[in-house]
Q: 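Sharing a structure below in structure tokens format, with a few things to ask.
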2 protein chains.
Amino acid sequence: MSENSIKLRVEQIELLEKLAVLLEKEGFQPAMAKVVALLLVSDQTELTFDQIQDTLSISKGATSQAINQLLSANKIEYKTKLGERKRYFCSRVMSWQEDVKADLNNISNFNNILKQILQQRPDHTKNFNQSMERLVQFMDYLNEELPVLYRKFEEQHS
Amino acid sequence: MSENSIKLRVEQIELLEKLAVLLEKEGFQPAMAKVVALLLVSDQTELTFDQIQDTLSISKGATSQAINQLLSANKIEYKTKLGERKRYFCSRVMSWQEDVKADLNNISNFNNILKQILQQRPDHTKNFNQSMERLVQFMDYLNEELPVLYRKFEEQHS
DNA sequence: TTTTTAGTTCACAAAGTATTGAACTAACTA
DNA sequence: TAGTTAGTTCAATACTTTGTGAACTAAAAA
């Protein structure tokens with residue numbers, strides 16, 4: 001119906017926009033990026049469909065799309081309140097740490113293709129092959145050592 | 001003029017396409033991704049403008065754009081041969097290691113905004129704030145420890 | 001001087017993405 | 001049963017990104 005928009009301070013709007021731009025660069029589509037950003041900067045951590053829609057001034061359709069994609073991607077979740085049909089959406093901040101890890105593990109995707117390319121390269125182009133080999137070694141090294149780093153962090157912060 | 005296209009084995013074409021798709025996911029635009037991939041899978045490591053254009057079947061304009069953007073981004077370089085005007089383009093494989101590092105350092109961009117958001121969050125929403133704080137700590141930890149990891153790698157492989 | 005080579009530039013077309021809004025559904029409420 | 005709430009779906013539009021190709025430039029060759 002009318003305005004379910006929540007009020008944000010100038011500071012919050014600026015942070016929302018900056019964060020959304022960063023997230024778009026990371027591959028989020030615009031509406032999704034804004035929803036995620038809103039749920040991080042807003043004083044309330046739980047917002048309804050209408051609050052999200054009106055605060056961001058996007059259409060119902062776009063809001064629905066964005067929320068559902070974020071739910072499937074596990075970036076947000078929702079809670080319900082007994083006696084209400086509305087859902088209260090909130091950021092899965094906890095999951096971001098896993099996302100960062102997943103992102104770093106993505107290195108191995110890349111490394112696998114490089115390894116396949118190396119395997120079929122001709123023997124002349126020796127220098128080139130050696131450079132590629134070093135890169136592969138570097139990424140293999142990271143793939144081994146990063147999990148060690150994660151474990152150390154968990155130990156230190158528990 | 002006619003066909004300057006170089007011949008690629010089926011295997012090479014498949015790897016080229018797989019790698020190009022991965023690179024597009026990393027933010028490369030299609031033509032750039034294909035040029036980079038070609039320079040990695042091709043038996044010859046140095047290819048001319050026409051060889052690139054004809055092998056990839058893209059227009060002159062697109063080839064020119066892609067090559068120039070890759071040059072500015074330092075992903076490729078070129079060599080010349082005395083007595084020839086043509087440039088011979090090749091991948092800067094060496095630089096990829098730096099690119100991986102830069103990519104990981106990008107974490108700190110993200111972390112900086114999170115810190116700003118945290119600073120202005122209200123004190124109620126304690127759990128939420130604590131989760132954010134932990135994420136920030138995790139990323140700070142990575143930002144400190146990754147350079148240590150790089151150094152260790154250099155030491156072991158030299 | 002004319003032609004060829006090795007490109008660059010840029011307006012336009014084509015392809016791909018995102019957003020809107022209107023029509024719909026499904027559950028509850030009066 | 002009629003109306004309201006809380007959404008979903010989707011065709012059409014609007015916007016963005018890519019790629020094309022024709023016209024251009026600048027250096028070298030004939």
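A quick note: this is a predicted structure, and the numbers were derived from the prediction, not measured. Letters A, B, ... mirror the listed sequences (proteins, then strands); counts begin at 1.
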Q: Does a sphere of radius 6.0 Å around CG in A:Asn127 hold more than 12 heavy atoms from other residues, nucleotides or ligands, not counting ones at 6.0 Å or beyond?
A: no
Q: Short of 4.0 Å, heavy atom to strand atom, which residues of residues 58-70 of chain A count as contacting DNA chain D?
A: A:Lys60, A:Gly61, A:Ser64, A:Asn68
Q: Are any non-hydrogen side-chain atoms of B:Leu104 and A:Leu142 less than 4.5 angstrom apart?
A: yes
Q: Do the side-chain N and O atoms of A:Asp140 and A:Asn111 include a donor-acceptor pair separated by under 3.5 angstrom?
A: yes
Q: Does NZ or CZ of B:Lys86 fall inside the cone over B:Phe49's six-membered ring, less than 6.0 Å from its centre and within 45° of the axis?
A: no
Q: List for me each residue that meets ring-ring contact (aromatic ring centres under 6.0 Å, His included) alongside B:Phe110, sequence neighbours excluded, and say none if there are none.
A: A:Trp96
Q: Please identify each residue that fulfils ring-ring contact (aromatic ring centres under 6.0 Å, His included) with A:Phe28, with sequence neighbours left out.
A: none
Q: May I ask you to decide if the ring planes of B:Phe153 and A:Tyr141 are parallel, tilted or perpendicular, using 30° and 60° as cut-offs?
A: tilted
Q: How long is the line joining CD of B:Gln53 and P of C:dG7, in whole Å?
A: 11 Å
Q: Can A:Gln29 and A:Gln65 be counted as having a side-chain donor-acceptor contact under 3.5 angstrom?
A: no
Q: Go through the structure and list residues passing side-chain contact (heavy atoms from CB on, under 4.5 Å) with A:Arg92, not counting sequence neighbours.
A: A:Asn74, A:Glu77, A:Ser95
Q: Expected output is a numbered-order residue list: members of residues 16-49 of chain A with a heavy atom under 4.0 Å from any atom of DNA chain C. What is it?
A: A:Gln29, A:Pro30, A:Ala31
Q: B:Asp103 versus B:Asp99: any side-chain heavy-atom pair under 4.5 Å?
A: no
Q: Between residues 71-90 of chain B and DNA chain C, which residues have a heavy-atom gap below 4.0 Å?
A: B:Arg85, B:Lys86, B:Arg87
